[in-house]
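Chain naming here is simple, since letters A, B, ... match the order of the sequence lines and numbering starts at 1 in each.
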Amino acid sequence: MDKIKEIEKDFLRDDIPDFGPGDTVRVYIRIKEYKEDPKTKELVEKVRLQPFEGVVIRRRGDGLNASFTVRKVTQGVGIEKIFPLHSPVIEKIEVLRRGRVRRARIYYLRERKGKKARIREKR
Amino acid sequence: MIGLIGRKLGMTQIPTKDGSMTAVTVIEAGPCYVLQGKTTERDGYNALKLGFGEIKARKLNKPILGELKKIFGERESYPALVIKEIRTEDAQNFKPGQELKVDIFQEGEKIDVTGISKGKGFQGVMKRWGFSGGPKSHGSKFHRKPGSIGQHTEPARVWKGKKMPGHAGMKRVTVKNLEIVKIYLEKNLVLVKGAIPGPNGGIVVLKKAKERSK
């Protein structure tokens, strides 16, 4: 078992900030695109950063298996994205706001909108 | 085409370049030592006898100990916990005592892994052979049975080899064309994509893939 842990250690990232449920974060995802080069007409790989901003509603797992879910509401539609915490696709995670919540998984946000979906800031 | 004897350590997942996770099996492969080369002239076939894993000399029997002493000299322990023959055509290129490590494989290469599958005990026909069984409800009284096992007065018997309930698992299974995701040479570890037969800690044999997968 220890040897497996050692292997997993190689893939763990140490540049992840400390954040938890209730916090508002911005996750930058690396997206690969294949675009045609106007001169050579060849497909060139381009990496684009796409930010995804929202509230962390849960963190689960540990080690390489850890992941977190970010929820945001766009045009009245709730969008949730689950990211593996140690995924190489994540360029960086910015913590924008620390929220004070009283549960580890704030799924109740799904049933609320507008003023009721507010989260108090941590002092 | 040579191979290695190894031990299945367990499974985990590692990220790939495109960001998705891949399930991998961690195998401790080698170091194996050549104990004997078998040739067509003397033995009728070409093979290498390999030893893997340390075992104390006092736990070995005299015929094997005698062979090992000829190769390694007097020692407290010998690499002979598991002794297996691996068929190979270039057996004469190896000499007894030679060490084989995971560097005989490359990352990205396909290998075949052979092991003894986990024993399942006495199992019905659905688990053992994948029969579909019957409906679970709607008044059905036919759930996990095999159904008819033969024809009529002709042949008036059950064919030999008919798939029936019995002992499942605990048999030799080979999984072919598994991709090597990563190799740790100094730790003697191989990471293989997907699952391999047997429990964690089970002995497996790794060989270069015989057939190319399409």
Donor-acceptor check, side chain of [X] to backbone of [Y], threshold 3.5 angstrom: yes or no?
{"X": "Arg30(A)", "Y": "Pro88(A)", "answer": "yes"}
{"X": "Ser140(B)", "Y": "Pro135(B)", "answer": "yes"}
{"X": "Arg13(A)", "Y": "Ile90(A)", "answer": "yes"}
{"X": "Asp23(A)", "Y": "Gly99(A)", "answer": "yes"}

- Message: Do Glu28(B) and Asn188(B) pair up side chain to side chain, a donor and an acceptor below 3.5 Å, judged on atom types alone?
- Response: no

- Arg102(A) atom CZ, over 12 foreign heavy atoms within 6.0 Å: no

- Under 4.5 Å from a heavy atom of chain A, the part of Met11(B) involved: backbone

- Task: Sort by residue number and list every member of residues 56-71 of chain A having a non-hydrogen atom under 4.5 Å from chain B.
- Result: Leu64(A), Asn65(A)

